[in-house]
A.B. asks: 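Submitted below is the structure of interest, expressed as structure tokens.
Throughout, residue positions are numbered sequentially from 1 according to the sequence presented. Predicted, not measured: the structure shown is a model, and the values here were computed from it.
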Amino acid sequence: MKKLLLVTVFLLGYTQAFLAQDLNVDIKTSEVYKDKKKNTTLSFTASDGKGGLFVGRSYYGGLLKTLKGYYIEHYDSNLNLVKEFDYEIDRETVQQAFVNNGELHLLTTQYDRDSREIKCLVQSTSVNNFKFSSKELMSLNIKESSGRFVGFYGIGLQQVDGDSFGSISLSKNNNYIVVNFDIKNKDEETHKIHVFNKNFEEVFTNTFKRDIKDRKFILKDISVDDNNGTVYLLGKAYTDQKRKKKEGGKYQYELYRINAKSSKSLSFDTDDKFVRSLTPVFDNDRVFCVGFYSERNDNRFKGVGYFNIDPETLTITSKKFSPFTEQFIMDKYGKSKDKELRNISYRDILITSDGECLINGEEFYVTSHYVSNQYGGTWRYTYHYRDIVSLKLGKDGDLIWARNINKKQASSAPSDYLSFTSTYHNDKAYIFINCSDKVRKLRNDRLEFKGIKAKKSNLYVITIDSEGTYDYKSLIDDKDAEVPFRVGNGIYDFSNEIIFLGQRGRKKQLLKLTL
């Protein structure tokens with residue numbers, strides 16, 4: 001018999017107690033406060049090293065609702081507000097934030113109209129005040145830019161060709177920073193890569209070139225090793241040779257390892273399978289790539305693919321393609337069925353304490369229909385946030401379990417009140433969603449979580465244990481909360497804490513869940 005734990009939840013002066021099987025979640029909220037701006041978005045958090053945290057919320061203004069600044073707030077461990085600051089910007093975007101040696105550092109990108117340069121800056125302040133000083137890490141003349149940095153520094157330039165934007169990434173423990181610029185070059189895929197340590201000293205710079213047309217190489221991921229600053233770059237290349245393949249995807253994946261002394265590459269394809277996207281995963285001395293695969297085309301999904309890579313020789317040591325389990329198919333359809341899925345997108349790839357890999361995704365798609373009126377008509381779009389897909393792989397890449405959690409949510413616009421945020425703690429997966437208080441029972445002992453109004457629903461946690469058995473509990477009832485929480489935009493910078501921003505009109509509130 002499972003042990004029953006008594007969990008007490010404190011929310012703004014009221015206390016709610018409930019029984020939960022093997023579930024112990026501590027819930028803390030800040031006070032409810034009002035902003036001058038109606039709409040803000042949780043952009044970043046950073047631990048202050050003393051149990052408290054810094055929170056940055058972006059706000060917008062003007063006719064076109066452009067980014068105008070960030071409300072930066074410092075909270076103690078009980079979510080009491082210590083200090084706050086209105087960080088106003090001019091064509092600048094905060095990309096990352098972290099605390100080191102008693103200072104809060106904001107890594108930002110800015111477009112300088114006078115010099116026509118894209119600048120990477122670090123804005124630093126003591127954790128005890130908000131007196132920022134600025135330092136330029138590097139810059140790039142706009143003539144060198146590929147024009148793909150719309151999301152990178154907030155303006156649109158030149159022609160976008162569908163490849164990745166420029167990026168600033170942090171290593172796992174913030175020891176290294178990698179800045180990636182996509183360089184304009186139609187004949188060769190070109191990236192300028194700069195790596196800095198946590199003291200903002202440049203470790204090395206490298207100009208990456210691949211002798212293939214720019215449009216035939218898609219950058220999938222760029223990561224930096226927390227131990228030594230080595231950069232790993234993963235791309236998907238459509239080569240002339242792979243185009244002649246008779247079966248499977250007509251492309252190859254390419255992994256590049258780049259450091260101050262050398263660079264090395266690995267090319268591999270997916271045999272007779274189709275793999276639309278792969279994600280590299282780094283776990284101590286392990287490197288592997290995972291992704292969903294199909295036997296039909298890039299837009300279907302039959303199971304999960306795994307490629308283990310020797311980090312020293314950069315060679316494939318093993319690869320496995322595991323179809324979704326019978327349990328997974330029963331979860332979804334209620335009966336055995338030979339059918340591939342569609343519209344799955346990644347949300348989280350997490351590593352457990354035992355080195356196992358947890359992959360969480362969601363069925364997401366957009367539909368449209370034309371509505372006629374006296375002025376001619378207009379197109380209306382519906383954004384569907386459907387089933388949650390969760391899989392667990394062992395250290396050797398074998399599929400341990402796969403579960404499909406039936407969920408049915410939709411909105412007339414993209415909504416971060418829908419979807420979910422997930423994490424892993426003490427051999428258990430935690431998935432946080434908003435949904436109706438009427439969980440629908442399906443045949444064959446299945447459940448379906450249904451969404452009602454995005455801003456009027458209950459906060460639930462779904463747990464999946466080490467054996468793949470899942471359970472759910474209600475954490476916060478809509479009637480007991482002043483604001484709904486944006487579960488699709490949770491931030492979990494800490495090992496066992498998740499932060500959500502709640503909002504109703506100008507009312508705002510922070511929620512911290514500790515596992």
A.B. asks: Could you check if a side-chain atom of Ser47 sits within less than 4.5 angstrom of a side-chain atom of Val99, using non-hydrogen atoms only?
C.D. replies: no

A.B. asks: Taking the side chain as everything from C-beta on, heavy atoms only, tell me whether Ile464 gets closer than 4.5 Å to Leu358.
C.D. replies: no

A.B. asks: Does a donor on one side chain sit under 3.5 Å from an acceptor on the other, for Ser422 and Asn360?
C.D. replies: yes

A.B. asks: Quick check for you: to the nearest 0.5 Å, what is the distance between Asp437 atom CG and Tyr460 atom OH?
C.D. replies: 5.5 Å

A.B. asks: Using a 6.0 Å distance limit plus a 45 degree cone around the ring axis, check whether Arg347 lies over the aromatic ring of Phe420.
C.D. replies: yes

A.B. asks: After noting the C-alpha distance and the side-chain angles of Tyr417 and Gln409, does the key distance pass the side-chain hydrogen bond (donor to acceptor under 3.5 Å, both in side chains) rule?
C.D. replies: CA-CA 10 Å; Tyr417 291 97; Gln409 297 176 313; over 6 Å; no

A.B. asks: Evaluate the ring-ring contact (aromatic ring centres under 6.0 Å, His included) criterion for residues Phe44 and Phe98: first the C-alpha distance (whole Å), next the side-chain angles of each, then the deciding distance (0.1 Å), finally the verdict.
C.D. replies: CA-CA 9 Å; Phe44 60 85; Phe98 69 98; over 10 Å; no

A.B. asks: Give me the atom names and distance for the closest heavy-atom approach of Thr40 to Gln503.
C.D. replies: O-OE1, 3.4 Å

A.B. asks: Assess Lys236 against Tyr251: is NZ or CZ under 6.0 Å from the centre of the six-membered ring, and within 45 degrees of the ring's axis?
C.D. replies: yes

A.B. asks: Could you tell me whether Glu363 and Lys332 make a salt bridge, using a distance below 4.0 angstrom between a side-chain N and a carboxylate O?
C.D. replies: yes

A.B. asks: Checking Tyr59 against Asp86 for the side-chain hydrogen bond (donor to acceptor under 3.5 Å, both in side chains) test, could you report, in this order, the C-alpha distance in whole Å, the side-chain angles of both residues, the deciding distance, and whether it holds?
C.D. replies: CA-CA 10 Å; Tyr59 62 83; Asp86 186 354; 2.5 Å; yes

A.B. asks: Do Glu73 and Tyr71 have side-chain N/O donor and acceptor atoms under 3.5 Å apart?
C.D. replies: no

A.B. asks: Working to the nearest 0.5 Å, report the span between CZ of Arg486 and CD1 of Ile491.
C.D. replies: 11.5 Å

A.B. asks: What's the separation between atom NZ in Lys407 and atom CD1 in Ile388, rounded to the nearest 0.5 Å?
C.D. replies: 5.0 Å

A.B. asks: Can you tell me which residue among Leu278, Asp396, Val281, Leu393 is in a side chain to side chain contact (heavy atoms under 4.5 Å, CB included) with Tyr306?
C.D. replies: Leu393

A.B. asks: Contact between Phe307 and Lys319 at the side-chain level, heavy atoms closer than 4.5 Å - yes or no?
C.D. replies: yes

A.B. asks: With rounding to the nearest 0.5 angstrom, report the CG to NZ distance, Leu341 to Lys339.
C.D. replies: 8.5 Å

A.B. asks: Should the pair Arg296-Asp338 be classified as a salt bridge under the 4.0 Å nitrogen-to-oxygen rule?
C.D. replies: no

A.B. asks: Will you find, in the side chains of Lys28 and Tyr75, an N or O donor that is under 3.5 Å from an N or O acceptor?
C.D. replies: no

A.B. asks: Which heavy atom in Leu106 sits nearest to a heavy atom in Ala97, and how many Å separate them?
C.D. replies: CD2-CB, 3.8 Å

A.B. asks: Between Arg440 and Glu448, does at least one N-O distance fall below 4.0 Å, as a salt bridge requires?
C.D. replies: yes

A.B. asks: Ignoring hydrogens, what is the shortest heavy-atom contact between Ala402 and Thr325? Give both atom names and the distance.
C.D. replies: O-OG1, 3.5 Å

A.B. asks: So, for Phe217 and Gly235, which heavy atoms are closest and what is the spacing to 0.1 Å?
C.D. replies: CZ-CA, 3.6 Å

A.B. asks: Within this structure, what is the CG-OH distance for the pair Leu81 and Tyr33, rounded to the nearest 0.5 Å?
C.D. replies: 8.5 Å

A.B. asks: Does a side-chain heavy-atom distance below 4.5 Å link Leu510 with Leu501?
C.D. replies: yes

A.B. asks: So which atom in Cys435 and which in Lys450 form the shortest heavy-atom distance, rounded to 0.1 Å?
C.D. replies: CB-O, 3.2 Å

A.B. asks: May I ask you to decide whether Lys395 forms a salt bridge with Asp354, counting only side-chain N to carboxylate O separations under 4.0 Å?
C.D. replies: no

A.B. asks: Minimum heavy-atom separation for Ser466 to Trp401, with atom names?
C.D. replies: O-NE1, 3.3 Å

A.B. asks: Quick one about His425 and Asn496 (side-chain donor to acceptor, distance below 3.5 Å, no hydrogens or angles considered), yes or no?
C.D. replies: no

A.B. asks: Within the 4.5 Å heavy-atom criterion, are Arg386 and Asn343 side-chain neighbours or not?
C.D. replies: no

A.B. asks: Decide ring-ring contact (aromatic ring centres under 6.0 Å, His included) for Tyr365 and Tyr385; before the verdict, give the C-alpha distance in whole Å, the side-chain angles of both, and the deciding distance to 0.1 Å.
C.D. replies: CA-CA 7 Å; Tyr365 57 93; Tyr385 300 84; 9.7 Å; no

A.B. asks: If we only count heavy atoms from C-beta on, is the Val487 to Leu459 side-chain gap below 4.5 Å?
C.D. replies: yes

A.B. asks: Got a second to check how far Asn78's CG is from Lys512's NZ, nearest 0.5 Å?
C.D. replies: 7.0 Å

A.B. asks: Ring-plane angle category for Phe321 and Tyr293, please: parallel below 30°, perpendicular beyond 60°, tilted otherwise.
C.D. replies: perpendicular

